[in-house]
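What you are looking at is a predicted structure, and each value in this text was computed from that prediction instead of being measured.
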Amino acid sequence: MQPAFVLVHSPSVGPSTWRPVAEHLAAAGHQVRVPSLLHAGAGAPPFWPRVVDAVRDDLQQVPTGSPVSLVAHSNAGLYLPAIRSGLDHSVTSSIFVDAALPARHGSTAVASPEMLEFLRPMAVNGRLPRWTDWWEESDIAPMLPDPQMRQTVIEEQPTLPLSFYEQRIPVPEGWDDHPCAYLLFSPPYEVLAAAARERGWRTAHLPGTHLHQTTDPGGTARCLAALASAA
């Protein structure tokens, strides 16, 4: 039985960043789910259980006996161990796409001290602007060259509380008891891809920007299918 792909978007953006890839995977005969994490930043911390709940609730549409392949983009990679441990489904592979890596054990900080120093001056009444507003236009334009996709991604983004990035996410023991892989897009994540190789994970490279899945969904879908089939 082919696993269902579960495409987990970064909580900093929204599910539209995965939907073009989901369409290509579905056209190739795969079952695909794209859980929405847009409400994960609601209420008070801790926030990570809401991410796990959002994925688990979405997978109610997939029979419990059906295997799944988890795919996490960007800082969604930090949540993947907790997601994997919170599911009733069998996980056949976990694929990190231009993603942050969780700690090997213990817990993982969502943001480094340097990133928090960058973010804190932006917060107004404890809440941050949208992710695309953190950066210069020269950073965002190459990632979202299609005007319609850009508008969709920008309008969908949540405004998360600063405390969302101040949290730590647990890393359950044994979460990686299945094949893991890393798909690299952009140069800033080369160090993380190298770290994934050091962990013994299979890696692949599809050169592009950090949101390359929105500009090359077909190529991204083929890479994901290849990595999952090698599990």
Quick one, [X] and [Y] - any side-chain contact, counting heavy atoms below 4.5 Å?
| X | Y | value |
| --- | --- | --- |
| P147 | R150 | no |
| R84 | L70 | yes |
| P145 | T215 | yes |
| E166 | P45 | no |
| R33 | V68 | no |
| W175 | V91 | no |
| H105 | E173 | yes |
| V6 | V62 | no |

What is the ring orientation for W131 with H210, classed by angle as parallel under 30°, tilted 30 to 60°, or perpendicular over 60°?
tilted

Which of parallel (below 30°), tilted (30 to 60°) and perpendicular (above 60°) describes W135 and F118?
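Parallel.
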
For [X] against [Y], the heavy-atom pair lying closest together:
| X | Y | value |
| --- | --- | --- |
| L25 | A221 | CD2-O, 3.6 Å |
| P187 | G208 | CD-O, 4.3 Å |
| A109 | R168 | CB-NH1, 3.5 Å |
| V51 | A40 | CG2-CB, 3.7 Å |
| M149 | P20 | CE-CG, 3.5 Å |

Mind checking what makes side chain to side chain contact (heavy atoms under 4.5 Å, CB included) contact with [X], not counting sequence neighbours?
| X | value |
| --- | --- |
| A42 | none |
| A193 | Y182, L184, R197 |
| A181 | I95, R202, L227 |

Verify the distance criterion only: is there a donor paired with an acceptor across the side chains of H178 and S94 at less than 3.5 Å?
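H178 vs S94: donor-acceptor pair found between side chains.
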
Is it the case that one hydrophobic cluster holds both [X] and [Y], taking links as side-chain heavy atoms less than 4.5 Å apart, direct or via other members?
| X | Y | answer |
| --- | --- | --- |
| Y189 | L144 | yes |
| V71 | I83 | no |
| L37 | L59 | yes |
| L38 | I154 | no |
| F96 | L211 | yes |

Look at the side chain of [X] and the backbone N and O of [Y], then say whether any donor-acceptor pair between them is shorter than 3.5 Å.
| X | Y | answer |
| --- | --- | --- |
| S93 | P179 | no |
| Q151 | Q148 | no |
| D57 | A54 | no |

Working to the nearest 0.5 angstrom, can you tell me the gap between [X] [atom1] and [Y] [atom2]?
| X | Y | atom1 | atom2 | answer |
| --- | --- | --- | --- | --- |
| L162 | N125 | CG | CG | 12.0 Å |
| T203 | E190 | OG1 | CD | 11.5 Å |
| E155 | R130 | CD | CZ | 7.5 Å |
| T64 | D88 | OG1 | CG | 6.0 Å |

Worked verdict on L128 versus Y165 for side-chain contact (heavy atoms from CB on, under 4.5 Å):
CA-CA 10 Å; L128 292 165; Y165 296 92; 3.5 Å; yes

Sidechain N-carboxylate O distance under 4.0 Å for R56, D53
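Counted as a salt bridge, because a side-chain N and a carboxylate O are separated by less than 4.0 Å.
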
Would F185 and L206 satisfy side-chain contact (heavy atoms from CB on, under 4.5 Å), going step by step from the backbone distance to the final call?
CA-CA 5 Å; F185 288 155; L206 188 61; 4.0 Å; yes

All salt bridge (Lys or Arg N to Asp or Glu O under 4.0 Å) counterparts of D146, not counting sequence neighbours
none

Donor-acceptor contacts, no H, no angles, side chain residues 75-82, under 3.5 Å, sequence neighbours left out:
unit_1	atom_1	unit_2	atom_2	d
N75	OD1	S10	OG	2.7
N75	ND2	S12	OG	3.4
Y79	OH	Q167	NE2	3.2

Heavy-atom neighbours of E137 CD exceed 12 at 6.0 Å:
yes

I would like to know whether H9 and Q213 meet side-chain contact (heavy atoms from CB on, under 4.5 Å); could you show each step before the answer?
CA-CA 11 Å; H9 66 85; Q213 76 271 32; over 6 Å; no

Name all pairs fulfilling the ring pair (Phe, Tyr, Trp, His ring centres under 6.0 Å) condition that reach into residues 16-43, sequence neighbours left out, sorted by first residue then second.
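Found F5-H30.
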
